[in-house]
Structure formats: structure tokens, C-alpha cells
Amino acid sequence: MTRARIVGTGLIGTSIGLALRAAGWQVSLQDPSPTAAALARDLGAGTIDDETPDVVVVAAPPDVAARVVAEQLERWPGAAVTDVASVKGAIASGVAALAGPGSVERYVGSHPMAGRERSGAVAGRPDLFEGRAWVVVPTPRSAPEAVDAVRALAAAARGEVVVMTADEHDAAVAAVSHVPQVMATLTAARLRDRDEHAVGLAGQGLRDVTRIAASDPQLWTQILAGNAAGVREVLLDVQEDLAAALDALAALADEASTSGADDGPHGERRGEHANALGGRYAPAPGAPGARAVLARLLDDGNRGRALVPGKHGGAPTAYDVVTVVIPDEPGSLGRLFAEVGDAGINIEDLHLEHAVGHPVALAEVSVLPAASDRLRDHLRSTGWRIH
Ligand SMILES: NC(=O)C1=CN([C@@H]2O[C@H](COP(=O)(O)OP(=O)(O)OC[C@H]3O[C@@H](n4cnc5c(N)ncnc54)[C@H](O)[C@@H]3O)[C@@H](O)[C@H]2O)C=CC1
Ligand SMILES: O=C(O)C(=O)Cc1ccc(O)cc1
């Protein structure tokens with residue numbers, strides 16, 4: 001039986017432990033936070049012991065990953081060591097600089113392309129990696145046996161193994177993960193300027209675009225810093241498109257303001273919005289071509305969207321989710337249902353976060369968006385804890 005050691009038992013470490021346990025592996029857990037390690041153990045992700053591992057998984061934050069990998073290479077001279085950080089080039093360089101002689105061959109980077117906008121062991125799920133790409137990133141010095149060990153680990157956790165170099169990986173995730181995070185964040189940040197009535201109009205589109213804006217700022221600062229050049233390159237292209245959209249919108253806004261009856265015969269206000277940012281699709285001055293520019297940008301978006309592979313797992317949420325902490329004891333779910341019924345609110349869907357061996361569970365109650373705030377207020381006022 002293969003024995004893995006997981007160092008860093010948050011969302012990803014705990015999910016890997018749960019998946020490996022389900023595949024029949026033995027798993028040892030380690031975390032500088034005794035609570036995080038105990039929680040992962042109580043959830044069923046493994047045991048807290050010092051058994052000699054065949055493979056070590058470092059699932060710690062990116063800015064400490066290289067150092068922790070080097071420590072683990074030294075501590076377990078017979079084990080392959082991988083990390084799961086969202087950036088790969090910076091970690092590989094760090095490991096090459098820090099690892100002692102004769103140990104760097106046992107390091108192979110990796111990155112499961114699955115996660116959540118939540119952190120910590122409680123959010124861990126055994127099926128998180130099922131059918132999702134798991135990038136295995138050997139360095140030029142990685143030994144074939146170490147690569148095989150990390151491939152076997154990814155496959156046992158139900159990921160689909162994809163082998164890439166660190167440069168290929170970092171360029172790819174800049175476009176498919178890191179820039180999407182930045183765009184979600186920037187879009188959500190604009191909502192702060194709006195009053196609650198405006199935000200209350202939000203439909204599913206806004207939810208789809210901003211879900212990952214709820215991600216952990218500390219983790220994402222590290223990820224963006226760790227792939228700064230790659231992320232910047234994609235954002236420069238976004239900036240060009242944004243400049244083209246702004247110019248087109250300026251032309252259209254001027255067209256609208258000069259076509260009104262009050263605007264005078266000489267079109268004095270023409271050009272008021274022109275900002276000459278330029279860009280790939282910059283329209284000629286005035287409105288001609290501006291609509292074509294916008295249509296072209298929107299069409300490019302359609303074409304990009306069509307390339308996105310089908311999402312594995314649950315369909316996008318059509319409802320608001322209210323997360324309620326419930327004591328893991330007989331009758332508590334029934335009491336929660338009764339309370340929601342008392343508020344006159346229909347439960348559209350329900351998901352229970354499994355917290356095996358833990359005295360509480362999380363009930364994710366899906367309701368119509370218009371009812372979610374009222375439900376939160378009602379449940380809080382009747383003594384329930386809401387996440
Ligand atoms: N959150 C996500 O969706 C994904 C994250 N990743 C990567 O997985 C890694 C872990 O991320 P999460 O599980 O989301 O974070 P998390 O915040 O849920 O867990 C991180 C864990 O690492 C522990 N830790 C902190 N310093 C440590 C150290 N020096 N040595 C060992 N453990 C240490 C923390 O106590 C915590 O339990 C990161 O490198 C991240 O880039 C990869 C794929 C998806
Ligand atoms: O929440 C999602 O949909 C994600 O895609 C999460 C995610 C975050 C970081 C990664 O390095 C990989 C995946």
C-alpha cells in the first residue's frame with residue numbers, strides 16, 4: 001500500500017488526503033497549525049504520525065512552498081516530493097536553490113486544476129479532483145521514478161494527468177486561472193460604488209462572473225506575485241481591448257449627445273468623450289465603426305467562451321446559497337427546515353458539507369436570490385449561525 005504524507009492540511013491538502021484515503025492509500029498529515037491538522041484528521045483525511053512516506057505532498061501557501069519542499073526532501077530521503085502550488089516556475093527555482101545535494105532529483109512539481117473560493121480543511125472534498133486536469137511538472141533534473149510517483153498520486157486522487165514544463169504551465173494558467181481571478185475581482189470591486197438597490201438587481205450573470213472574487217486575498221496576492229510576468233502579458237492584451245471598447249463607447253456617447261435637439265447646430269459637444277486610448281479595434285473619430293468595434297469584441301468573447309471545456313460536476317448555481325452551521329445531531333436539519341418554512345421561504349436545493357467525525361455540519365440552503373437576505377436575517381435572529 002502506498003503511503004503519502006501531506007504537509008499543509010487546508011482546502012487542497014485535506015481534499016487530497018480524503019481522495020487518497022478513498023483510493024486505499026495510507027495518509028499522514030502535518031500542519032504548523034495543530035487545529036488545521038486535527039480538523040483534517042477528524043474529517044477522515046489521514047492520521048497524525050511520522051510513518052515514512054513514499055511520496056510527500058506540500059499543500060502549503062506558495063510563498064513557503066519551496067522552503068517546505070526542501071525541508072521534506074531532507075527529512076525523507078527515500079520519498080518523492082511534490083507541491084501543489086498554483087505557480088510552478090518560481091517554486092522550481094526556489095527548490096533548486098534550497099535543496100541539498102542529491103535530493104533535487106526527487107522533486108517534481110504539480111498543480112491540480114481544481115479548487116474552491118474557500119480555504120481551510122472544512123471546505124475539503126474527496127471528489128474535488130475527479131476528472132479535472134492535474135498538471136505534473138518535472139524539472140530537467142527530476143528522476144523518472146519520482147515523476148512516476150507523482151503521476152500515480154494524481155491518478156489515485158482521480159485527477160487527469162497532464163505533463164508540462166514550468167514555463168508552459170505558468171503561461172497557460174495566467175490565461176485560464178490567474179487573469180480570470182483578476183477580472184472577477186475588478187468587476188466585483190466596482191459594485192462597492194453602487195447602492196444596495198442597484199446591487200439588488202443582480203442576475204445570474206453577475207454571480208457567474210464574480211464567484212471567485214470571494215477567494216482568499218492573501219493566497220491570491222502570492223499567486224499573482226509568483227506569476228507576475230505571465231499575468232502581466234495577458235493583462236496587456238486585455239488593456240488593448242479595453243482601450244478599444246472605451247474609444248468606441250466614447251464615440252457612441254458623443255454621437256448620442258450631438259444628435260439631441262438641444263445640442264446646437266455645430267455639434268459643439270462632439271468629441272467630449274474622445275480619449276484617444278487607441279487599441280487594436282480603435283474606431284475612426286465619431287461614431288462610424290464604433291458599433292462594429294463592440295460587435296467584434298463581443299464576438300471574440302463568444303469564440304473564446306466556446307473553447308472552454310464543459311464544466312465537470314455541479315451545474316452553475318441558479319439560486320443564492322445561505323450556508324448554515326447545524327449541530328450534527330438528530331432533528332437539527334428538521335428544525336432548520338421548519339425555521340425556513342416559518343419565514344415563508346421555499347428551499348430550492350440543499351447540500352450538506354460532510355464533516356465526518358466533526359460535531360457540526362454545514363447546510364448550504366439554496367433559495368431564490370430575492371429571499372436570501374431575509375432568510376439570513378431570520379435565521380440569525382432565531383439563533384442559527386450563518387457563514
Ligand atoms: N485554493 C484553491 O482553489 C487551490 C489552491 N492551490 C494551491 O494549494 C496550496 C494550498 O492552498 P489552499 O489549500 O487553498 O490554502 P489553505 O489556506 O486552505 O491551506 C493552507 C494550509 O497550509 C498551512 N501552512 C501554512 N504555512 C505552512 C508551512 N510553512 N508548512 C506547512 N503548512 C503550512 C496552513 O496552516 C493551512 O492549513 C497553495 O499553494 C495554492 O496555490 C492549488 C489548486 C487550487
Ligand atoms: O474555484 C474555481 O473554480 C477554481 O478554478 C479554483 C482554483 C484556484 C486556484 C487554482 O490554482 C486552481 C483552481
Side-chain angles (χ1 to χ4, degrees), residues 5-19 28-41 43 45-46 48 56-72 75 81-91 94 98 109-125 128-129 132-137 154 157 159 162 169-170 172-185 207-227 230-231 308-309 311-314 316-317:
R5 181 174 191 84
I6 295 175
V7 183
T9 57
L11 164 70
I12 299 299
T14 299
S15 298
I16 294 173
L18 291 169
S28 307
L29 304 168
Q30 176 184 330
D31 196 292
S33 156
T35 308
L39 195 51
R41 177 199 59 203
L43 292 168
I48 299 175
V56 178
V57 184
V58 173
D63 68 346
V64 295
R67 183 169 52 76
V68 178
V69 165
E71 286 164 7
Q72 295 296 317
R75 180 170 180 194
V81 178
T82 190
D83 72 297
V84 292
S86 310
V87 297
K88 293 275 68 91
I91 311 272
L98 295 168
S110 74
H111 183 195
M113 293 306 300
R116 303 186 72 186
E117 64 281 10
R118 293 163 55 177
S119 301
V122 176
R125 295 244 273 256
L128 191 65
F129 312 108
R132 304 291 292 264
W134 188 312
V135 191
V136 173
V137 185
V162 179
H169 167 275
D170 287 356
V173 295
V176 306
S177 179
H178 302 172
V179 167
Q181 176 66 50
V182 172
M183 303 309 286
T185 295
R207 286 182 187 83
D208 289 348
V209 168
T210 59
R211 177 180 61 84
I212 53 176
S215 299
D216 179 3
Q218 198 175 330
L219 171 64
W220 274 94
T221 303
Q222 293 178 33
I223 293 174
L224 296 178
N227 195 16
V231 173
V308 178
K311 185 170 183 281
H312 180 85
T317 324

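All ligand and atom numbering here is 1-based and tracks the order in the structure.
Residue contacts with ligand 2: His111 is included, with a non-hydrogen atom under 4.0 Å away. Judged by the shortest distance from any of its heavy atoms, Pro112 lies inside the 4.0 Å radius around the atoms of ligand 1. Ligand 1 is approached by His111 to a heavy-atom distance shorter than 4.0 Å.
Once rounded to the nearest 0.5 Å, the distance linking CD of Gln72 with CG of Asp83 reads 12.0 Å. The line from CZ of Phe129 to CG of Leu18 is 9.0 Å long, rounded to the nearest 0.5 Å.
Interface of Val7 with ligand 1, defined as ligand atoms under 4.0 Å from a residue heavy atom, comprises 31 (C). Distances below 4.0 Å separate heavy atoms of Ala36 from the following atoms of ligand 1: 37 (O). Of all atoms in ligand 1, numbered sequentially from 1 with element shown, those under 4.0 Å from a heavy atom of Arg116 are 1 (N), 3 (O). Residue Gly8 approaches ligand 1 through these ligand atoms, each under 4.0 Å from one of its heavy atoms: 22 (O), 32 (N). Listed by number with element, the atoms of ligand 1 under 4.0 Å from a non-hydrogen atom of Ser119 are 17 (O), 18 (O).
Across Ala157 and Trp134, no two heavy atoms sit closer than the pair CB-CZ3, 3.6 Å. Minimum heavy-atom separation, Gly46 to Arg41: O-CG, 3.4 Å. Shown here for Gly109 and Lys88, the closest heavy-atom pair between the two residues is CA-CE, 4.0 Å. In this structure, Ala121 and Leu43 approach most closely via the heavy-atom pair O-CD1, 3.4 Å. Of all heavy-atom pairs spanning Ile16 and Val57, the tightest one is CD1-CG1, 3.9 Å. Here the closest heavy-atom approach between residue Ile223 and residue Ser86 is recorded as CD1-OG, 3.4 Å.
The option with the heavy atom closest to atom 4 (C) of ligand 1, from among Ile12, Val68, Asp216, is Ile12. The closest heavy-atom contact to atom 33 (C) of ligand 1, among the options Ser177, Pro32, Gly124, Ser15, comes from Pro32. Nearest to atom 9 (C) of ligand 1 by heavy-atom distance, out of Gly115, Ala60, Pro61, is Ala60. Between the choices Ala214, Gly115, Pro180, Ala184, the shortest heavy-atom distance to atom 7 (C) of ligand 2 belongs to Gly115.
Residue Ile212 touches ligand 2 through its side chain alone, judged by heavy-atom distances below 4.0 Å. Proximity of Ala114 to ligand 1, defined as any heavy-atom pair under 4.0 Å, is confined to the backbone N, CA, C and O atoms. Contacts with ligand 1 closer than 4.0 Å are made by heavy atoms of both the backbone and the side chain of Leu11. Residue contacts with ligand 1 for Val84 involve both N, CA, C or O and side-chain atoms from C-beta outward (heavy atoms, distance under 4.0 Å). Counting heavy atoms under 4.0 Å from ligand 1, residue Ala59 touches it through the backbone alone. Only side-chain heavy atoms of Leu219 come within less than 4.0 Å of ligand 1; its backbone N, CA, C and O stay farther off.
Atom 19 (O) of ligand 1 has its closest protein heavy atom at Gly10 CA, 3.2 Å. Looking only at protein heavy atoms, the nearest one to atom 18 (O) of ligand 1 is Gly120 N, 2.7 Å. The protein non-hydrogen atom at the shortest distance from atom 8 (C) of ligand 2 is Trp220 CZ2, 3.8 Å. In terms of protein heavy-atom proximity, atom 37 (O) of ligand 1 is closest to Asp31 OD2, 2.7 Å. Of the protein's non-hydrogen atoms, Ser86 OG, 3.5 Å is the one closest to atom 6 (N) of ligand 1. In terms of protein heavy-atom proximity, atom 3 (O) of ligand 2 is closest to Arg211 NH2, 2.6 Å.
In terms of polar-atom proximity, Ser86 is counted as a contact of ligand 2, with an N or O under 3.5 Å from an N or O of the ligand. No N or O atom of Arg67 sits closer than 3.5 Å to an N or O atom of ligand 1.
Judged by distance alone, the side chain of Gln222 and the main-chain N or O of Asp63 form a donor-acceptor pair under 3.5 Å. The main-chain N or O of Gly89 is found under 3.5 Å from a side-chain atom of Asp170 such that the two form a donor-acceptor pair. Not a single donor-acceptor pair under 3.5 Å links the side chain of Ser28 to the backbone N or O of Ile48. Checking side-chain atoms of Arg116 against main-chain N and O of Leu11 turns up no donor-acceptor pair under 3.5 Å. With hydrogens and angles disregarded, a donor-acceptor distance shorter than 3.5 Å links the side chain of Ser33 to the backbone of Ala36.
Distances from atom 5 (O) of ligand 2 to the protein include no heavy-atom value under 4.0 Å.
Residues Arg67 and Leu98 have side chains in contact (heavy-atom distance under 4.5 Å, counting atoms from C-beta outward).
Listed by chain and residue number, nothing satisfies the side chain to side chain donor-acceptor pair (under 3.5 Å) test with Ser177 (two or more places apart in sequence, or in another chain).
The stretch residues 5-18 participates, sequence neighbours left out, in these side-chain hydrogen bond (donor to acceptor under 3.5 Å, both in side chains) pairs: Arg5-Gln30, Arg5-Asp50, Thr9-Asp31.
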